[in-house]
There are 2 protein chains.
Amino acid sequence: MFSSNEKLTRLMRHVLKLHRSHVDRLIRDYDVYPGQPPLLMRLSQQDGQSQRELAAGMLVKPATLTVMLGRMEKTGLVSRAPDDRDQRVTRVYLTDKGRIAAEAVMRAIEEVEARCFEGFLPEERLLLRRFVLQMHDNLSEWKPD
Amino acid sequence: MFSSNEKLTRLMRHVLKLHRSHVDRLIRDYDVYPGQPPLLMRLSQQDGQSQRELAAGMLVKPATLTVMLGRMEKTGLVSRAPDDRDQRVTRVYLTDKGRIAAEAVMRAIEEVEARCFEGFLPEERLLLRRFVLQMHDNLSEWKPD
DNA sequence: AGGTTAAAATTAGCTAGCTAACTAAAAATA
DNA sequence: TATTTTTAGTTAGCTAGCTAATTTTAACCT
């Protein structure tokens with residue numbers, strides 16, 4: 001299915017697509033849509049972050065988050081409240097429903113991740129991480145000529 | 001920036017995002033939008049494929065392609081014509097403009113790919129491919145319990 | 001203090017991807 | 001042959017992501 005001159009990045013894209021669709025399937029009953037798991041994870045690690053902080057942590061643009069949070073507020077997963085000190089910033093909180101969803105998401109991710117790296121030795125996992133980090137450094141240090 | 005308990009898949013997602021944005025930047029002058037490079041590459045390898053074949057090769061749903069091709073027809077990168085034998089199938093062809101864009105895309109991808117794997121030994125590349133293939137197999141053989 | 005600059009969030013408008021429901025043509029079958 | 005089933009493609013409606021422009025509030029600076 002994947003010939004050996006197939007670009008590795010294409011293969012990686014496909015793997016991540018599978019990863020995401022598995023997670024989606026496992027949390028289908030929680031009103032959580034495909035892009036939202038990372039947000040729920042971050043909020044359950046630290047509740048009440050500003051949208052800017054969340055966007056930075058999720059490597060996503062603030063505008064993307066604005067729309068996403070609007071939807072999640074509507075489905076009752078999060079609530080928003082302005083910061084006391086700085087009226088510009090909006091802080092985001094998990095609702096009870098959101099907390100339940102976040103735990104389901106956490107379990108789902110752990111499960112998919114475990115499957116994904118089944119058969120990997122610990123040192124292979126480390127090596128893989130080193131490779132991906134090197135790819136990251138190669139691409140992020142690259143200023144256009 | 002990426003703590004060692006950060007999920008590896010998240011890191012991979014970020015790397016692919018960088019990869020895509022670099023390619024986008026390099027082809028900015030050819031009316032080619034982010035999802036279109038894979039399509040142009042496939043068509044330049046074999047012109048006149050059916051939409052179904054293209055969708056399967058790109059690992060994308062046919063409905064996605066319908067919309068995408070509509071846009072690309074409008075920007076003049078591709079043309080569509082019904083198959084002679086089977087009136088259900090639509091075949092897709094590169095225009096002259098599309099062929100020029102496809103070559104630019106090819107150069108851009110090669111350039112980014114080269115950057116991405118700079119400093120990798122050939123055997124490291126192979127090892128990485130083996131890892132990613134194993135991830136792929138782990139996730140695609142997984143039938144939900 | 002008052003005017004300017006910077007920062008946080010939103011809005012508008014686009015592309016990409018999905019699912020589900022539909023149409024039309026070909027193939028299979030009774 | 002007539003009916004049913006399968007296949008290719010489209011349409012509608014959604015989420016996710018982006019950029020660019022706008023608004024509002026805080027910070028800065030003379």
Side-chain angles (χ1 to χ4, degrees), chain A residues 10 13-14 16-25 27-28 30-40 48-75 77-78 80-92 101, chain B residues 10 13-14 16-25 27-28 30-40 48-75 77-78 80-92 101:
Chain A
R10 194 175 97 85
R13 247 175 248 287
H14 183 42
L16 291 181
K17 201 181 285 192
L18 283 172
H19 187 283
R20 169 175 276 204
S21 71
H22 279 304
V23 172
D24 283 354
R25 181 174 47 72
I27 58 177
R28 192 176 294 155
Y30 294 88
D31 280 346
V32 177
Y33 291 89
Q36 300 171 4
L39 177 58
L40 292 176
Q49 294 182 65
S50 73
Q51 299 190 189
R52 185 138 220 104
E53 289 167 341
L54 286 169
M58 295 168 62
L59 305 167
V60 145
K61 295 292 172 260
T64 300
L65 227 92
T66 294
V67 179
M68 196 178 193
L69 287 173
R71 283 192 281 258
M72 293 175 80
E73 230 175 355
K74 207 177 297 176
T75 56
L77 292 168
V78 302
R80 287 193 269 193
D83 187 291
D84 287 336
R85 302 252 175 72
D86 188 337
Q87 295 300 113
R88 289 173 303 181
V89 344
T90 303
R91 305 210 158 267
V92 184
Chain B
R10 193 176 98 85
R13 248 174 248 289
H14 183 42
L16 290 182
K17 201 181 285 193
L18 283 172
H19 186 282
R20 169 176 276 205
S21 72
H22 278 305
V23 172
D24 284 354
R25 182 175 46 74
I27 58 176
R28 192 176 294 154
Y30 293 89
D31 279 345
V32 177
Y33 291 88
Q36 300 171 5
L39 177 58
L40 293 175
Q49 294 182 64
S50 73
Q51 297 190 189
R52 185 139 217 102
E53 289 167 340
L54 286 169
M58 294 168 63
L59 304 167
V60 146
K61 296 289 172 264
T64 301
L65 229 97
T66 294
V67 179
M68 196 178 194
L69 287 173
R71 282 193 281 258
M72 294 176 79
E73 230 175 354
K74 207 178 295 178
T75 55
L77 291 169
V78 303
R80 286 193 271 194
D83 186 293
D84 287 337
R85 301 249 175 75
D86 187 337
Q87 295 300 112
R88 289 173 304 181
V89 343
T90 304
R91 305 209 159 269
V92 184

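All values below come from the heavy atoms of this structure, side chains included, with hydrogens, waters and symmetry mates left out. Letters A, B, ... are given to chains in the order of the sequence lines, protein chains preceding strands, and every chain is numbered from 1.
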Side chain to side chain contact (heavy atoms under 4.5 Å, CB included) partners of Pro62(B), counting only residues at least two apart:
Arg52(B), Ala55(B)

Atom pair distance, as rounded to whole Å: [atom1] in [X] and [atom2] in [N]:
X: Gln49(B); N: dG9(D); atom1: CD; atom2: P; result: 11 Å
X: Asp24(B); N: dC14(C); atom1: CG; atom2: C1'; result: 14 Å
X: Leu65(A); N: dT11(C); atom1: CG; atom2: C1'; result: 15 Å
X: Glu53(B); N: dG9(D); atom1: CD; atom2: P; result: 8 Å

How many angstroms lie between CE in Met58(B) and OG1 in Thr64(B), if you round to the nearest 0.5 Å?
9.0 Å

NE2 (His19(B)) and CG (Asp24(B)) are apart, to the nearest 0.5 Å, by 10.5 Å

So which pairs with a foot in residues 53-73 of chain A pass salt bridge (Lys or Arg N to Asp or Glu O under 4.0 Å), sequence neighbours left out?
Glu53(A)-Arg91(A), Glu73(A)-Arg80(A)

Please examine the side chains of Arg20(A) and Lys17(A), heavy atoms only from C-beta on, and report whether any two atoms are closer than 4.5 Å.
no

Under 3.5 Å, which protein N or O atoms sit close to an N or O of nucleotides 6-8 of chain D? Give each pair with its distance.
residue	atom	partner	partner atom	Å
dT7(D)	O2	Arg88(B)	NH1	3.3
dA8(D)	OP2	Arg52(B)	NE	2.7

Going 5' to 3' along nucleotides 16-21 of chain C, which nucleotides have protein heavy atoms under 4.0 Å from the base (write B), which only from the sugar-phosphate (write S), and which from neither (write -)?
BBBBB-

Contacts of Arg88(A) that satisfy salt bridge (Lys or Arg N to Asp or Glu O under 4.0 Å) - sequence neighbours left out:
Asp86(A)

I want to check one thing: is the phosphate of dT10(D), taken as OP1 and OP2, less than 4.0 Å away from some side-chain N or O of Arg80(B)?
yes

Checking side chain to side chain contact (heavy atoms under 4.5 Å, CB included) against Leu65(A), which of Val92(A), Val60(A), Thr90(A) comes through?
Val60(A)

Show me the donor-acceptor pairs, under 3.5 Å and distance only, between side chains in residues 31-40 of chain B and residues at least two apart or in other chains.
residue	atom	partner	partner atom	Å
Asp31(B)	OD2	Lys97(B)	NZ	2.9
Gln36(B)	OE1	Tyr33(B)	N	3.1

